[in-house]
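Before any comments, here is the structure.
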Protein chains: 2
Amino acid sequence: MATDPLSVIFAALADPTRRAILARLAEGPATVKELSAPFAMSGPAISKHLRVLERAGLITRGRDAQWRPCHLSAAPLKEVADWAEHYRRFWDASYARLDSYLQQMKDEESDDGHDR
Amino acid sequence: MATDPLSVIFAALADPTRRAILARLAEGPATVKELSAPFAMSGPAISKHLRVLERAGLITRGRDAQWRPCHLSAAPLKEVADWAEHYRRFWDASYARLDSYLQQMKDEESDDGHDR
DNA sequence: AGGTTAGATAACCGAGTGGTTAGGTAGCGA
DNA sequence: TCGCTACCTAACCACTCGGTTATCTAACCT
């Protein structure tokens, strides 16, 4: 797998179990046991998912006696949102109109009588 | 790999080559040859990347004689942006203040003298 | 000290990824 | 028709992923 930050983040999000874990953590910190409760999955499987999320910077883990409370760390999600925003003009109708207007300006400019 | 739409989209985006292809297509349609030019990679490798993008709904391919022009299809990126927006309050300071205010209201409500 | 619980690690497995080379197909143009 | 170009498919490779079971550590509670 690619190791650049954005690729690691996207890869971490490309699994419904991990996205569900993030959704749960959006409601507050939770232990590993609590996080694994909704899933028909062994502990180690959850543990691996958590490590993937941790390496993507999406969660942090503390320590409280025998518990390892996880909590959400949303900074990478801002990166995702910012990245996607670059393409907004391709799905947002009003943006698309602005974009085609600017494109038209550009076309007319490069078209008005000068060679090369 | 997970087969739900959002997972397929995120997985497609979890590769810098594929994101670079999308960035190129944001400037307009391109043939497979044009898309492969910036990369030190064989044709079939690019072809596989394009198939991943196509299955995620991020590109469509037409046909023009021996060329297969690709163009961007950004609807899935809107899904990504919308998904990430759900977490905005965790990185946006003003949203976070609103959120803690609402949380405080909730705490005071469940705290004002009633048992259970 | 002994038992229980929370959690991580290791080793393994089947399926998928990202790349390769080789070879096939479709359309253009001389 | 012959050759060139654009592109795809097939087969293969090393590696990763998502899951398992078995085993280990650490902390709590009698």
Side-chain angles (χ1 to χ4, degrees), chain A residues 1-25 28-72, chain B residues 1-25 28-72:
Chain A
M1 197 199 54
T3 57
D4 64 285
L6 205 46
S7 294
V8 171
I9 295 165
F10 277 125
L13 297 177
D15 184 288
T17 302
R18 289 193 290 264
R19 291 196 305 278
I21 288 174
L22 292 181
R24 165 62 187 83
L25 290 177
T31 67
V32 175
K33 203 69 187 302
E34 287 167 347
L35 290 175
S36 69
F39 306 103
M41 204 177 292
S42 66
I46 298 293
S47 197
K48 284 190 178 185
H49 283 305
L50 292 177
R51 199 171 57 216
V52 172
L53 290 170
E54 191 173 28
R55 291 217 262 225
L58 286 159
I59 66 170
T60 58
R61 278 187 274 191
R63 180 170 275 274
D64 175 15
Q66 67 269 53
W67 296 282
R68 305 296 309 274
C70 300
H71 68 86
L72 188 62
Chain B
M1 198 199 55
T3 57
D4 63 286
L6 204 46
S7 295
V8 171
I9 295 165
F10 276 125
L13 297 176
D15 184 290
T17 302
R18 289 194 291 263
R19 290 196 306 277
I21 289 173
L22 292 181
R24 166 61 188 82
L25 289 178
T31 68
V32 175
K33 202 68 189 301
E34 287 167 348
L35 291 175
S36 69
F39 306 104
M41 205 178 291
S42 65
I46 298 292
S47 197
K48 285 190 179 186
H49 283 305
L50 292 178
R51 200 172 58 214
V52 172
L53 290 170
E54 192 174 27
R55 291 217 265 224
L58 285 158
I59 66 169
T60 58
R61 278 188 275 192
R63 180 169 275 272
D64 174 14
Q66 67 269 55
W67 296 282
R68 305 295 309 275
C70 300
H71 67 88
L72 187 62

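Sequence lines set the chain letters: A, B, ... in the order given, protein chains first and strands last, and positions in each chain run from 1.
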So which atom in [X] and which in [Y] form the shortest heavy-atom distance, rounded to 0.1 Å?
X: A/Arg24; Y: A/Gly28; value: NH1-O, 3.1 Å
X: B/Arg18; Y: B/Ala11; value: NH2-O, 3.1 Å
X: A/Ala2; Y: A/Val8; value: O-CG2, 3.9 Å
X: B/Ile9; Y: B/Ala56; value: CG1-O, 3.8 Å
X: B/Cys70; Y: B/Ile59; value: SG-CD1, 4.4 Å

How long is the line joining [atom1] of [X] and [atom2] of [N], in whole Å?
X: B/Met41; N: D/dC7; atom1: CE; atom2: P; value: 16 Å
X: B/Arg51; N: D/dA10; atom1: CZ; atom2: P; value: 9 Å
X: B/Lys48; N: D/dC12; atom1: NZ; atom2: P; value: 13 Å

(message) Mind checking if B/Thr17 touches a base, just sugar-phosphate, or nothing, with heavy atoms under 4.0 Å?
(response)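 Answer is nothing: B/Thr17 stays at 4.0 Å or more from every strand.
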
(request) Specify the residue among B/Ala2 and B/Thr31 whose closest nucleotide of DNA chain D lies further upstream toward the 5′ end. (result)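 Per heavy-atom nearest nucleotide, the more 5' residue is B/Thr31.
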
(request) Any chance you could lay out the side-chain contact (heavy atoms from CB on, under 4.5 Å) test for B/Leu58 and B/Leu13, step after step, and finish with the verdict? (result) CA-CA 9 Å; B/Leu58 285 158; B/Leu13 297 176; 3.9 Å; yes

(request) Can you measure from CZ (B/Arg55) to OG1 (B/Thr3) and round to the nearest 0.5 angstrom? (result)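 Going from CZ on B/Arg55 over to OG1 on B/Thr3, the span is 11.5 Å.
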
(request) Starting at CG of A/Leu22, measure out to NE2 of A/His49 and round the result to the nearest 0.5 Å. (result)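 With rounding to 0.5 Å, CG (A/Leu22) is 11.5 Å from NE2 (A/His49).
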
(message) Both B/Arg55 and B/Ala40 contact DNA chain C. Which one's nearest nucleotide lies toward the 5' end?
(response)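 Closest to the 5' end, via its nearest nucleotide, is B/Arg55.
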
(request) Among B/Ile46, B/Leu50, B/Thr17, find the one that has a side chain to side chain contact (heavy atoms under 4.5 Å, CB included) with B/Ser36. (result)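 Filter result, single survivor: B/Ile46.
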
(request) Taking heavy atoms of chain B and a 4.0 Å limit, find me the 5'-most and 3'-most nucleotide of DNA chain C within that range. (result)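 Listed 5' to 3', the contact boundaries are C/dG16 to C/dC28.
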
(request) Would you mind building the protein contact string for nucleotides 22-28 of chain D? One character per nucleotide, 5' to 3', B for base within reach (heavy atoms under 4.0 Å), S for sugar-phosphate only, - for untouched. (result) B----SS

(request) Taking A/Arg68 for its side chain and A/Gly62 for its backbone only, find out whether a donor-acceptor pair lies under 3.5 Å. (result)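 Yes; judged by distance alone, with no hydrogens or angles, the pair exists.
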
(request) Note the angle between the end axes of the helix from C/dA1-D/dT30 to C/dA30-D/dT1, five pairs defining each, rounded to 10 degrees. (result)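 About 10°, once rounded to a multiple of 10°.
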
(request) When you get a sec, tell me which of D/dT20, D/dC17, D/dG18 is the closest nucleotide to the side chain of A/Met1? (result)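 Of the options given, the side chain of A/Met1 lies nearest D/dC17.
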
(message) Under a 4.0 Å threshold between the charged nitrogen and the carboxylate oxygen, would A/Asp4 count as salt-bridged to B/Arg19?
(response)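 Yes, charged N to carboxylate O under 4.0 Å.
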
